[in-house]
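Just below is one structure, and these are the notes that go with it.
Numbers here simply count residues along the sequence, with the first being 1.
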Amino acid sequence: MSPGSVIATCAIVAFVLSFATVRMAIGYAHRKGMLDAPGRRRSHTMPTPRGGGIGIVVGSLVGMSAALLLLPPFQEGMTVATFAVATIAVAAIGWLDDHGSLPIRPRLAIQLAATLAFALVLAVGTSSLLWALPLLLAGVWSINLHNFMDGIDGLAAQQSMFASAGMAVLGWFAGAPGIAGAGIALAAAATGFWWFNRSPARIFMGDVGSGTLGFFVFVLTGLLWAWRTELLWPALILSSAFVIDATLTLLVRMLRGSRWYTPHREHLYQWLVRQGASHARVARVYFAWNVLVCVPVAWIASRWPGAAPALCVATYLLATVVWRGGKQWCLHRRIRHVSP
């Protein structure tokens with residue numbers, strides 16, 4: 001089979017497995033009482049089953065692993081094996097947490113171990129194994145920021161569909177069909193879940209999905225960086241919406257002395273929902289940023305590598321301004337509503 005045929009097959013298999021698994025997960029969650037009840041720190045109004053992200057895990061584990069076999073022979077064996085083991089580890093601890101809340105230490109320990117394993121695989125092909133440390137930090141943050149950003153219907157699935165498809169395009173034009181196929185497989189698996197998670201959601205992603213999704217995004221970004229260093233910048237541009245909202249929100253909460261590790265509704269997307277915007281409308285706002293800003297800037301960065309770092313920094317600075325402006329708009333709107 002040609003690389004294109006392999007990629008198409010991986011995508012179809014990933015979508016079908018994800019779609020079917022999510023359908024089964026809805027009934028399973030109801031039987032097991034895995035329901036998220038509405039609350040002051042949550043953005044939904046009806047009890048909703050969780051754990052649907054297991055569909056993304058199953059579809060991506062099969063589809064991405066098969067696609068990564070297209071990597072060069074000296075890379076594919078260890079990469080696929082480490083990817084599979086690390087994925088199962090991150091997903092398993094999330095699945096257990098969805099059944100009953102686990103302490104933070106065992107969850108973090110598994111995340112660190114799984115991410116370190118794949119970081120070492122990436123670092124082996126570089127000039128120094130010391131690259132494993134920043135890769136480790138980036139991977140663990142990606143896992144957790146996607147968990148933080150999974151708070152309204154369809155948003156996290158939509159973002160993963162966009163980012164992974166974009167990274168697939170980067171991989172294809174860089175001559176890396178294995179990375180391209182892995183990205184398309186993830187996008188397809190996320191689409192299979194999104195169908196049930198779009199507003200109004202029939203099931204939530206749960207920690208099994210959000211954490212593993214963050215790991216997948218880290219894997220794709222790391223593979224692009226290892227394949228061709230300058231591809232890191234357009235890949236980071238594609239993820240700017242989530243990275244900025246999660247990172248700035250965390251920093252602000254830490255500076256205020258809040259218990260930053262506890263559930264809250266302080267992300268921009270949550271503020272917008274609190275001001276009356278529907279989940280679907282907020283998802284469209286993030287999609288607009290991706291299409292109107294990330295797509296053209298990432299394309300330019302991929303075509304002119306010398307300008308890529310500056311373009312990435314400029315994108316994140318602009319995202320910071322938009323994030324701050326969005327928060328200010330929500331505050332002014334709230335003040336107007338409470339004023340006599």
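Lys327 is not listed as a side-chain neighbour of His332, based on a closest heavy-atom distance of 4.5 Å or more. His264 places a side-chain heavy atom less than 4.5 Å from the side chain of Gln270. Using a 4.5 Å heavy-atom threshold, the side chains of Val6 and Leu69 count as separate. Put simply, the side chain of Arg202 does not reach to within 4.5 Å of the side chain of Asn197, judged on heavy atoms. Gln159 is not listed as a side-chain neighbour of Leu155, based on a closest heavy-atom distance of 4.5 Å or more. Considering only heavy atoms from C-beta on, Leu236 stays 4.5 Å or farther from Ser240 through its side chain. Residues Leu311 and Trp304 fail the side-chain proximity criterion, which asks for heavy atoms closer than 4.5 Å. At least one side-chain heavy atom of Ser164 sits less than 4.5 Å from a side-chain heavy atom of Leu220.
Judged by distance alone, the side chains of Ser5 and Ser2 do bring a donor and an acceptor atom under 3.5 Å apart. Checked by atom type, the side-chain pair Thr247/Trp141 shows a donor-acceptor distance below 3.5 Å. No side-chain donor-acceptor contact under 3.5 Å links Trp194 and Gln158. Counted by atom type alone, Gln111 and Asn144 present one or more donor-acceptor pairs between their side chains at under 3.5 Å.
Cluster annotation: Phe196 and Leu17 are assigned to distinct hydrophobic clusters (Ile/Leu/Val/Met/Phe/Trp/Tyr, side-chain heavy-atom contacts under 4.5 Å, transitive). Residues Leu248 and Leu268 share a hydrophobic cluster, clusters being chains of Ile/Leu/Val/Met/Phe/Trp/Tyr side chains in contact below 4.5 Å. Ile237 and Ile244 end up in different hydrophobic clusters when Ile, Leu, Val, Met, Phe, Trp and Tyr side chains are linked at under 4.5 Å. By the criterion of side-chain heavy atoms lying less than 4.5 angstrom apart, applied directly or through intervening Ile, Leu, Val, Met, Phe, Trp or Tyr residues, Phe118 is not grouped with Leu136; the two fall into different hydrophobic clusters. Val124 is not connected to Val219 by any chain of hydrophobic side-chain contacts under 4.5 Å among Ile, Leu, Val, Met, Phe, Trp and Tyr, and they are in different clusters.
The local environment of CH2 in Trp323 is crowded, with over 12 non-hydrogen atoms from other residues, nucleotides or ligands closer than 6.0 Å. Annotation: Trp225, atom CH2; neighbour count of heavy atoms from other residues, nucleotides and ligands within 6.0 Å is above 12. Heavy-atom contacts from other residues, nucleotides or ligands closer than 6.0 Å to CZ of Arg253 number more than 12.
No donor-acceptor distance shorter than 3.5 angstrom exists from the side chain of Thr82 to the backbone of Thr79, with no hydrogens or angles considered. In terms of modelled atom types and a separation under 3.5 Å, the side chain of Trp271 and the main chain of Gly326 share no donor-acceptor contact. Counting only distance, with no hydrogens or angles, the side chain of Ser128 and the backbone of Leu130 share a donor-acceptor pair below 3.5 Å. Under the 3.5 Å distance criterion, the side-chain polar atoms of Ser18 are left unmatched by any main-chain donor or acceptor of Phe15. Looking only at distances, a side-chain donor or acceptor of Asp97 sits under 3.5 Å from a matching main-chain atom of Leu102. Judged by distance alone, the side chain of Asp98 and the main-chain N or O of Asp207 form a donor-acceptor pair under 3.5 Å. Using modelled atom types, no side-chain atom of Arg107 and backbone atom of Ile93 make a donor-acceptor pair closer than 3.5 Å.
The distance from the CD1 atom of Ile54 to the CE atom of Met205 is 12.0 Å, given to the nearest 0.5 Å. Taking CE of Met149 as the reference point, atom OG of Ser160 lies at 12.5 Å (rounded to 0.5 Å). Rounding to the nearest 0.5 Å places CD1 of Ile300 at 9.0 Å from OG1 of Thr315. The distance from the NE2 atom of His146 to the OG atom of Ser210 is 9.5 Å, given to the nearest 0.5 Å. Taken to the nearest 0.5 Å, the CG atom of Asp153 stands 12.0 Å off from the CD1 atom of Ile203. Atom CE of Met167 sits about 11.0 Å away from atom CD1 of Ile179, to the nearest 0.5 Å.
Ring-centre distance between Phe242 and Phe148: not below the 6.0 Å cut-off. Outside the 6.0 Å centre-distance limit, the rings of Phe193 and Phe204 are not counted as a close aromatic pair.
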Exercise for review: For side-chain contact (heavy atoms from CB on, under 4.5 Å), just list the numbers for Val295 and Asn290, CA-CA rounded to whole Å, side-chain angles, deciding distance to a tenth of an Å, and then say yes or no.
Suggested key: CA-CA 6 Å; Val295 169; Asn290 288 335; 5.7 Å; no
Point to revise | side-chain contact (heavy atoms from CB on, under 4.5 Å) between Phe218 and Leu135, worked out | key: CA-CA 9 Å; Phe218 160 70; Leu135 287 169; 4.3 Å; yes
Check your understanding: So Phe216 and Phe83, side-chain contact (heavy atoms from CB on, under 4.5 Å) or not? Walk me through it.
Key -> CA-CA 9 Å; Phe216 290 153; Phe83 168 76; 3.6 Å; yes
Review point. Which is it for Trp95 and Tyr28 under the ring-ring contact (aromatic ring centres under 6.0 Å, His included) test, yes or no, and what are the steps along the way?
Key: CA-CA 13 Å; Trp95 184 243; Tyr28 176 86; 5.6 Å; yes
Exercise for review: With side-chain contact (heavy atoms from CB on, under 4.5 Å) as the test, would you mind laying out the steps for Ile56 and Val22 before giving the verdict?
Suggested key: CA-CA 8 Å; Ile56 299 177; Val22 176; 6.0 Å; no
